[in-house]
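Position 1 is the first residue of the sequence, and the numbers go up from there.
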Amino acid sequence: MDFSATVEHRGGNIVVVSVRGELDFLSSPALKDAFAAFGESPARYLVVDLTGTTFCDVSGAHTIVAAHGAAVRGGGLLAVSGALPLTRRLLDLIGGGRVPVYPSLTAALRARRTRSGTSCEVLATRTRHPGPAVSRARPPGPPRADVPPRARPPLDDTIKQSKLLQNQTSANLSLLQNRTRKTFEMLARLHDNLAAAHRQGFTCARYPCDGTVRYHQDKALAYRRRSLGDGRPAA
């Protein structure tokens with residue numbers, strides 16, 4: 001799918017960049033150019049609308065986080081709307097939860113208009129950091145007061161999934177051990193029967209042996225020990 005990043009100026013010092021297609025390391029430079037256009041405008045609130053995106057990799061998420069850092073240093077703010085769940089997860093991991101993400105463009109615009117505290121008009125009077133967005137994100141730190149808190153993915157879910165995987169692995173290992181033990185027991189009984197057949201004068205037509213009873217007795221003992229789990233190989 002072709003990539004496009006359309007810049008639209010809204011009222012109230014707001015700029016919306018609508019992204020469509022796949023946002024990856026090949027298309028990230030085009031998004032940086034769109035952010036550069038925002039840096040040259042007097043607007044202080046940038047909304048990156050990802051409703052039309054079908055994919056976003058680490059480089060695309062890093063580009064958005066870096067632009068958010070540049071906007072904050074210049075006295076503005078960047079928000080994301082309509083991101084896919086995986087994209088939201090990448091933004092949380094790379095940006096430390098500092099990039100506000102809204103379910104839709106309408107919600108992002110409404111949040112800016114109704115948010116208490118510093119208004120767009122006051123932000124517009126602050127000194128703007130010159131130049132386009134840099135490629136280095138802000139170091140982790142305390143959340144800004146004007147950024148709504150973002151819920152982190154619960155750690156309990158990851159722990160539960162890890163324990164579930166461990167339990168499944170243990171169950172499969174126990175099943176394999178039981179089947180192996182039964183196989184060794186079956187082989188031990190087979191050699192018991194062959195030893196008994198040798199005592200009666202029969203020979204092994206299909207099983208290679210030295211024709212003695214002792215051979216099959218030793219084999220039966222070795223397999224029986226292995227069925228008990230002492231790890232000794234069959235002779």
Subject >> Contact check, side chains of Leu50 and Leu84, non-hydrogen atoms, under 4.5 Å >> reply: no

Original post:
Heavy-atom distance under 4.5 Å between the side chains of Thr53 and Arg20, does that happen here?
Top reply: no

Original post:
Taking C-beta and beyond as the side chain, do Leu173 and Thr169 meet within less than 4.5 Å on heavy atoms?
Top reply: no

**OP:** Would you name the heavy atoms of Ala83 and Arg88 that are closest together and state the gap between them?
**Re:** CB-CG, 3.7 Å

Subject >> Residues Asp218, Arg214: salt bridge by 4.0 Å N-O rule >> reply: yes

Subject >> Heavy-atom closest pair, residues Phe3 and Glu22 >> reply: CD1-O, 3.5 Å

**OP:** For Asp192, enumerate each residue passing the salt bridge (Lys or Arg N to Asp or Glu O under 4.0 Å) test, keeping only those at least two apart in sequence or located in another chain.
**Re:** Arg224

**OP:** Identify the two heavy atoms, one from Ala79 and one from Tyr45, that lie closest to each other, and give their separation to 0.1 Å.
**Re:** CB-OH, 3.5 Å

Subject >> 4.5 Å side-chain heavy-atom contact, Ser28 and Leu23 >> reply: yes

Original post:
Within the side chain of Arg98, is there an N or O that forms a donor-acceptor pair under 3.5 Å with the backbone of Gly95?
Top reply: yes

**OP:** For residues Leu46 and Val17, report the shortest heavy-atom separation together with the two atoms involved.
**Re:** CD1-CG2, 3.5 Å

**OP:** Would you name the heavy atoms of Ala61 and Leu90 that are closest together and state the gap between them?
**Re:** CB-CB, 3.9 Å

Subject >> Worked check of side chain to side chain contact (heavy atoms under 4.5 Å, CB included) between His68 and Val72 >> reply: CA-CA 6 Å; His68 173 267; Val72 171; 3.6 Å; yes

Original post:
Quick one: are Val15 and Val47 in side-chain contact, heavy atoms under 4.5 Å?
Top reply: no

Subject >> Side chain Arg181, main chain Ser227, donor-acceptor under 3.5 Å >> reply: yes

Original post:
Can you find a side-chain donor-acceptor pair between Asp24 and Ser27 that sits under 3.5 Å?
Top reply: yes

**OP:** Please report the closest heavy-atom contact between Phe35 and Ile64, naming both atoms and the distance.
**Re:** CE1-CA, 4.3 Å

Original post:
Is any side-chain heavy atom of Lys32 closer than 4.5 Å to a side-chain heavy atom of Thr63?
Top reply: yes

